[in-house]
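Have a look at the structure below before the remarks.
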Amino acid sequence: MKKLLILTLALLMLAGCAAQHGKTEYSEADVFAMDTFMELRAYSDESVLQGAVELIKSIESRLSVTDENSEIFKLNSGQNDSVSHETAELLKTALSICASTNGALDVTIYPVVRAWGFTTGSYRVPGADELRELLGLVDHSKVGINGDSVVLPHGMMIDLGSIAKGYTGDEVAAYLKENGVSSALLNLGGNIHAVGSKPDGSAWKIAIRDPLGGGLLGSVSVTDKAVVTSGGYERYFEQDGKKYWHIIDPSTGMPADSGLLSVTVIGENGALCDGLSTALFVMGLDGSAEYWKTHTGFEAVFLTSGGRIYVTEGLVGNFTPLGDHASEKASVIYR
Ligand code: AMP
Ligand code: MG
């Protein structure tokens with residue numbers, strides 16, 4: 001059910017003046033990684049962008065839950081109890097989001113995600129008894145980290161799929177900046193990471209997809225920020241006329257059905273935005289609004305199943321409804 005999320009990249013780079021080192025033209029690279037199509041555009045030399053592609057592949061080979069050689073696979077199968085320093089740091093970040101969202105994000109959800117077939121493509125609806133049993137293996141608070149060694153109780157398994165693309169955006173952005181790039185747009189399968197501004201110094205305009213009509217929901221203007229969307233429409237299967245999607249409510253083991261069609265999280269830290277996009281989708285509008293009021297570092301756009309758009313206060317004057325929603329006024333969530 002993956003789709004090229006090209007629409008999310010609407011209003012791409014217009015011709016501009018010089019970016020870094022006098023670069024006036026961008027290089028492009030497409031890569032299939034983390035089970036999705038990624039599109040990179042950077043005002044840089046081809047060789048720098050090729051380095052970004054290699055970086056993405058190396059992150060994937062560390063974090064993949066299905067690649068038998070990955071650190072996560074070895075951890076989950078009990079072959080290893082230590083991971084690289086980078087992976088340990090990411091796991092710590094992920095676990096802190098799990099804790100702060102009261103388990104709406106739970107990176108130990110993998111036994112359940114696997115039973116639904118979302119990582120393998122062998123889709124099925126697990127029975128209630130099976131889900132109950134598997135949920136006994138889901139509890140982020142039981143994962144311990146000492147330095148780079150991870151304590152994972154027997155049978156439990158970690159899935160960083162909810163945060164990996166946002167983290168990758170952060171890593172690629174840092175790599176590009178280290179290599180003198182001041183203008184780039186990364187579309188990591190719908191996780192957008194804007195590096196710097198457009199070459200002419202203006203903000204990147206990022207479009208958010210409308211899960212209802214397939215058009216656009218709206219746009220936001222950003223510099224140096226991630227724009228990360230989670231929605232049931234991104235990956236799902238149908239059985240007996242019912243849709244089952246890939247974001248699971250850890251309290252039930254069922255696809256999260258909290259009255260939201262999509263959540264877009266915008267902020268400087270891509271990993272945080274990615275983890276939160278998944279968690280807020282599970283929490284629903286009211287829970288998300290409460291969470292936003294007590295936490296900093298991000299803004300969000302919500303589309304409810306009733307078709308209404310809500311934005312957090314920081315997006316007032318920035319979010320522009322588009323497409324079928326162009327004449328609507330988004331409701332604002334105030335602090
Ligand atoms: P995202 O597309 O960022 O919302 O992440 C969805 C992916 O994260 C799924 O494909 C699963 O691999 C995993 N996942 C699903 N539900 C959860 C959850 N509640 N907490 C953590 N990871 C999840
Ligand atoms: Mg996510």
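Just so we're clear, the structure is a prediction, and the values are computed from it rather than from any experiment. Residue numbers run from 1 in the order of the sequence given. We count ligands from 1, going down the list as the structure has it; atoms in each ligand are counted the same way.
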Where ligand 1 meets D159 - atom numbers and elements under 4.0 angstrom, heavy-atom basis: 11 (C), 12 (O), 13 (C)
Atoms of ligand 1 close to S230 [distance to a heavy atom under 4.0 angstrom, numbered from 1]: 1 (P), 3 (O), 4 (O)
Atom indices of ligand 1 within 4.0 angstrom of P250 heavy atoms, with elements: 19 (N)
W116 side chain reached by L131 side chain, heavy atoms, under 4.5 Å: yes
Proximity to ligand 1 by part of I109, non-hydrogen separation under 4.0 Å: side chain
Result block: side-chain N/O donor-acceptor pairs under 3.5 angstrom for residues 239-248, not counting sequence neighbours:
{"residue": "W245", "atom": "NE1", "partner": "A256", "partner atom": "O", "Å": "2.9"}
{"residue": "H246", "atom": "ND1", "partner": "R235", "partner atom": "O", "Å": "3.3"}

CD/E133: more than 12 non-hydrogen atoms of other groups inside 6.0 Å: no
Part of A104 with heavy atoms under 4.0 Å of ligand 1, whether side chain, backbone, both or neither: backbone
The one among R235, R114, H246 that brings a heavy atom closest to atom 2 (O) of ligand 1: H246
Residues, nucleotides or ligands: over 12 heavy atoms within 6.0 Å of E130 CD: yes
2.8 Å cut-off (strict), protein N, O or S atoms about the Mg ion (ligand 2): 4
Protein heavy-atom partner closest to atom 19 (N) of ligand 1 - residue, atom, separation in Å: I248 O, 2.8 Å
Pair K225 + E299: basic N to acidic O under 4.0 Å: no
